[in-house]
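Each chain gets a letter, A, B and so on, in the order the sequences are listed, and its residues count up from 1.
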Amino acid sequence: MLNLRKTLFCGQCFRWRETAPGIFCGTVGNRFAVFSQQDFPQLSSDPFWHHYFDLDTDYAALNQQLAALNSNLQKASLHGAGIHILRQDPWEALCSFILSQNNNIPRIQGIIGRLCGGEENPPESYNGFFQKAAAYPFPRPETLASYSVEDLAPLRCGFRARYILDAARKVTDGTVQLEKLHTAPLEEARASLMQIIGVGPKVANCTLLYGLHRMDAFPMDVWMKRAMKRWFPGTKPETFGPAAGLAQQYIFDFIRNGE
DNA sequence: CACCAGGCTCCGA
DNA sequence: TCGGAGCATGGT
């Protein structure tokens, strides 16, 4: 059973807000939504949200596979049960994780909110719940490609501004073809993304996992290195198999909220 | 005031 | 190829 709060706030996406206890507001594509946990399973009948929340994937089966590999991973997967890997827009995921580097989640949310315009232009209210969830679509790469670093100054994203612009240009001119990365070999897809200034292995892997639903991608960072050393000494990411990305998300969530 | 934040680039050995 | 400073900004 999908857990909305865990799924939306485990660090895989940045445009949702819990505007009141149990009330989640966010924008996906050009749809602004207000959900609560009770909206499931009714939500699953809507094809758009069904796809976004990845309701066709058998997470129970994946959990069992992961839990069987290692007792520590079993703990992490129990703690993370209910997390789904969202099917986010590749471009939005790429931008989000470029902005996430050397940054923290609240500030990432703020920057992305400003990038989408919702922080400066909030609708008057939405069922009384609206606070600062950005009810505006994520800007397209063609739009951002026409901007300059100075134009992005109001975002206050610092040195990441030129990275965003380089990403926008390379996606717009076809240097990086995001849709092709769905089926490209993992290493090839990673190398393609790393043509972008400011995109290293971590950002590339996060883009693949969260933006292209490449469950085989394993974002390795300082957190994960620490976790691997502590809980899985001598283990390599490949050990986690085709659901390595999901394992990574469980472990990340476990470090943040469990442990 | 120091330190940190889901890293990456650049530079020097 | 490897290690470490520097990077802009905001929060604690």
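- Classification of the A:Tyr52-A:Phe48 ring pair by plane angle, with boundaries at 30° and 60°, yields parallel.
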Could you go step by step and tell me if A:Asp173 and A:Arg169 meet the salt bridge (Lys or Arg N to Asp or Glu O under 4.0 Å) rule? CA-CA 6 Å; A:Asp173 72 16; A:Arg169 294 193 191 106; over 6 Å; no
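- For A:Met224 and B:dA5, the CE to P distance is 15 Å, given to the nearest whole Å.
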Anything under 3.5 Å between a protein N or O and an N or O of nucleotides 9-12 of chain C, put it in a table, one pair a line.
{"residue": "C:dT9", "atom": "O2", "partner": "A:Arg107", "partner atom": "NE", "Å": "3.3"}
{"residue": "C:dT9", "atom": "O2", "partner": "A:Arg107", "partner atom": "NH2", "Å": "2.9"}
{"residue": "C:dG10", "atom": "OP1", "partner": "A:Arg156", "partner atom": "NH1", "Å": "2.9"}

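- Judged purely by distance below 3.5 Å, without hydrogens or angles, the side chains of A:Ser100 and A:Asn103 never pair a donor atom with an acceptor atom.
- Residue contacts shown for A:Ile105 are limited to sugar-phosphate atoms, with no base heavy atom under 4.0 Å away.
- A:Gly198 comes within 4.0 angstrom of the backbone, heavy atoms only, and of no base.
- Between the side chains of A:His79 and A:Asn257, not a single donor N or O lies within less than 3.5 Å of an accepting N or O.
- Nearest-nucleotide mapping onto DNA chain B: of A:Met194 and A:Arg256, the residue sitting toward the 5' end is A:Arg256.
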Between the protein and nucleotides 11-13 of chain B, list every N/O to N/O distance that falls short of 3.5 Å.
none

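- Between the CZ atom of A:Phe14 and the P atom of B:dG6 there is a distance of 9 Å, rounded to whole Å.
- Going from atom CH2 of A:Trp223 over to atom P of B:dG7 covers 9 Å, rounded to whole Å.
- In this structure, CD1 of A:Ile98 is placed 14 Å from P of B:dG7, rounded to the nearest angstrom.
- Note: CD1 (A:Ile108) to C1' (C:dA8) measures 14 Å, nearest angstrom.
- In this structure, the CD1 atom of A:Ile164 is 13 Å from the C1' atom of B:dG7, given to the nearest Å.
- A donor-acceptor contact shorter than 3.5 Å is absent between the side chain of A:Gln248 and the backbone of A:Met215.
- A donor-acceptor contact under 3.5 Å is formed by the side chain of A:Lys202 with the base of B:dG6.
- A straight line from CZ of A:Arg190 to P of B:dC8 spans 11 Å, rounded to a whole angstrom.
- Here A:Phe252 counts as stacked on B:dG6: its ring centre is under 5.5 angstrom from the base ring centre and the planes meet at under 30°.
- For the P atom pair drawn from C:dG6 and B:dG6, the interatomic distance equals 23 Å after rounding to whole Å.
- Criterion: ILVMFWY side-chain heavy atoms under 4.5 Å apart, direct or through other members. Under it, A:Leu78 and A:Met1 are not part of a common hydrophobic cluster.
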Pairs under 3.5 angstrom only: tabulate donor-acceptor contacts from the side chains of residues 224-235 of chain A to other protein residues two or more places apart or in another chain.
{"residue": "A:Arg230", "atom": "NH1", "partner": "A:Glu259", "partner atom": "OE2", "Å": "2.4"}
{"residue": "A:Thr235", "atom": "OG1", "partner": "A:Phe232", "partner atom": "O", "Å": "2.7"}

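- Separation of the P atoms belonging to B:dC10 and C:dA8 is 12 Å when rounded to the nearest angstrom.
- In this structure, the ring of A:Tyr163 has its center no less than 6.0 angstrom from the ring center of A:Phe97.
- To the nearest angstrom, P of C:dC7 lies 12 Å from CZ of A:Arg162.
- Contact annotation for A:Tyr210: base contact, defined as any heavy-atom pair under 4.0 Å involving a base atom.
- Partner of A:His84 under the ring pair (Phe, Tyr, Trp, His ring centres under 6.0 Å) criterion, out of A:Tyr210, A:Tyr59, A:Phe53: A:Tyr59 alone.
- Taking the ring centre of A:Phe138 as origin, the terminal cationic atom of A:Arg15 falls outside the region bounded by 6.0 Å and 45° from the ring axis.
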